[in-house]
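For reference, the structure discussed in these notes is given below.
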Amino acid sequence: MISRISTSAALIALCFSLAACGDKAPAESAAPAAPTDPNMVIADEAMRARIKMVTVGMEPFSDVLRVAGLIDFDRQRMARIGAPVTGRVADITATLGQAVKPGDVLARLHSTELGSAQLAYLKARAQAELQMDNKERARQLFAADVIGKAELQRRENEAAVAAAESRAASDQLKVLGMSSAAIANMGKSGEISSFSPVVSTLRGSVVEFKVSPGQVVQPADALFTVADLSQVWAVAEVPEQQADLVATGQTVDIEVPALNHMKFSGELIYVGQIVNPETRTVQVRTAIDNKDGRLKPAMLATMLIASRPTEQLVIPASAVVRFENEDLVFVESKEGQFRATQVQLGQSHNGSRTVISGLKAGDRIVSEGAFHLNNQRVGIAQE
């Protein structure tokens, strides 16, 4: 009896043991092995359909240099107008901002120097005319055999000297600001005027004047500044370490904070040939159309210069995920598996970023869909 009960108990225990083993085996096979690396992500078929891949490589890349600058006059469309003679300012006819053209009178000077030069010209002119008449009379007398050839040559020489002195006196008046027409009229009328006009030599606007009535001025003094502001310059200073990256003809954008950071596009027309020893910079400039007059000299500006292309490791900007103050890129370790890799990035331009460290040429990375992979990685880590 006891033997029969023991046998039954053994059979029951064996059944429970087999049942327990049967339950355990399916449970272990149902749970896939999860990656132990928190930076590794396994993408299923649905996720793979949402991502795109690229191979990292070296490409020509233009950095964008951001340098401070300002708006300046176009120096080729600007004139500083001084006094043609030493004299006293009699009256000023120009006003600040007035539009002028070549020949317009800006002010008048009373100059005894000019009066003396005019008197010297009239004397020289009269003497030249007298000597010319003497030469013609001498020729007639020589033809009539009244005088000898030596006397004729003397009078011809005197006439030539007088003509040269008259031309020199005329040139002196031109230096003092008189036109050829004004000199000719004075020679005919014989009238002397000690008033000298200060005239514009350029079409533009009067942007500055440093003169007042009664002031005594000299030819070295700049009285007016006339500028054509339909075109202006933007100038900036590039650090000498980056000077080799810029050249004439490169494209440049100019931001002007005073105009709500409006951007103007152009190209470099000048790159300095020397380094400023005080600032260790090289000057660059570009020309900007300013027909509407919005840009004003001395306005602050920022130049964004596309530098010469250099071979750099470049990836699409869309491949980068910013997470917890780190830049991450998902690198394919094998098909369907991606590792979140921290990278150090450089400049960005036209949808691309340069890579300083973290990747190498030939790596396969996710160019689109990296954000979804990162969400999956973070979700797994939080479970």
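The shown structure was predicted, so the numbers you read here are calculated from the model rather than taken from an experiment.
Between Arg139 and Glu136, at least one side-chain nitrogen of the basic residue sits less than 4.0 Å from a carboxylate oxygen of the acidic one, meeting the salt-bridge criterion. The existence of a salt bridge linking Arg125 and Glu129 is confirmed by a sub-4.0 Å separation between a basic side-chain nitrogen and an acidic carboxylate oxygen. Comment: Glu45 does not engage Arg48 in a salt bridge, judged by the lack of any side-chain N to carboxylate O separation of less than 4.0 angstrom. Salt bridge absent: Arg285 and Glu237 never bring a charged side-chain N and a carboxylate O closer than 4.0 Å.
Using a 3.5 Å distance cut-off with no hydrogens or angles, the side chains of Gln312 and Thr310 do pair a donor with an acceptor. Side-chain contact annotation: Asp74 with Gln231, donor-acceptor N/O pair under 3.5 Å present.
With Val320 as the fixed residue, the side chain to side chain contact (heavy atoms under 4.5 Å, CB included) test singles out one of Ile315, Leu328, Ile365, Val355: Ile315.
By the rule that hydrophobic residues join a cluster once side-chain heavy atoms approach within less than 4.5 Å of another member, Met40 and Val343 end up as members of separate clusters. Taking hydrophobic clusters as Ile, Leu, Val, Met, Phe, Trp and Tyr residues chained together by side-chain heavy-atom distances below 4.5 Å, Leu122 does not share a cluster with Met132. A continuous path of ILVMFWY side-chain contacts below 4.5 Å connects Ile288 to Met78, so both sit in one hydrophobic cluster. Hydrophobic clustering (ILVMFWY, side-chain heavy atoms < 4.5 Å, transitive): Trp233 and Phe73 are in distinct clusters.
The two residues Lys291 and Asp289 make their nearest non-hydrogen contact at NZ-OD1, 2.8 Å. Scanning all heavy atoms of the two residues, the minimum distance from Val64 to Ser348 falls at CG2-O, 4.4 Å.
A cation-pi arrangement, defined by a distance under 6.0 Å to the six-membered ring centre and an angle within 45 degrees of its axis, is present between Arg377 and Phe323.
Heavy atoms of other residues, nucleotides or ligands lying less than 6.0 angstrom from CZ of Arg50 number 12 at most. Enclosure of atom CG in Asp292 by more than 12 non-hydrogen atoms of other residues, nucleotides or ligands within 6.0 angstrom is indicated. Shown here is Gln273, whose CD atom has no more than 12 heavy atoms of other residues, nucleotides or ligands within 6.0 Å. Surrounding CG of Asp244 are at most 12 heavy atoms belonging to other residues, nucleotides or ligands under 6.0 Å away. Around atom CG of Leu96, more than 12 heavy atoms belonging to other residues, nucleotides or ligands sit under 6.0 Å away.
To the nearest 0.5 angstrom, Arg108 atom CZ is 4.5 Å from Asp91 atom CG. Note that CG of Leu173 and OG of Ser196 are 10.5 Å apart. Values are rounded to the nearest 0.5 Å.
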Yes or no on side-chain hydrogen bond (donor to acceptor under 3.5 Å, both in side chains) for Asp253 and Ser265, after CA distance, side-chain angles and deciding distance?
CA-CA 5 Å; Asp253 289 332; Ser265 297; 2.9 Å; yes

Verdict with reasoning, Arg322 to Glu326, per salt bridge (Lys or Arg N to Asp or Glu O under 4.0 Å)
CA-CA 6 Å; Arg322 186 70 177 172; Glu326 293 181 351; over 6 Å; no

Given side-chain hydrogen bond (donor to acceptor under 3.5 Å, both in side chains), test Arg137 with Asn134 step by step and report yes or no.
CA-CA 5 Å; Arg137 189 178 304 110; Asn134 290 338; 2.9 Å; yes

Test log, rule salt bridge (Lys or Arg N to Asp or Glu O under 4.0 Å), inputs Lys135 and Glu156
CA-CA 5 Å; Lys135 183 182 74 171; Glu156 286 177 343; over 6 Å; no

For a quick test of your reading: what N or O donor-acceptor pairs under 3.5 Å do the side chains of residues 197-225 make, sequence neighbours left out?
| unit_1 | atom_1 | unit_2 | atom_2 | d |
| --- | --- | --- | --- | --- |
| Ser200 | OG | Leu202 | N | 3.2 |
| Ser200 | OG | Leu202 | O | 2.8 |
| Glu208 | OE1 | Thr225 | OG1 | 3.2 |
| Gln215 | OE1 | Ser212 | N | 3.1 |
| Asp221 | OD2 | Gln218 | N | 2.9 |
| Thr225 | OG1 | Arg80 | NH1 | 3.2 |

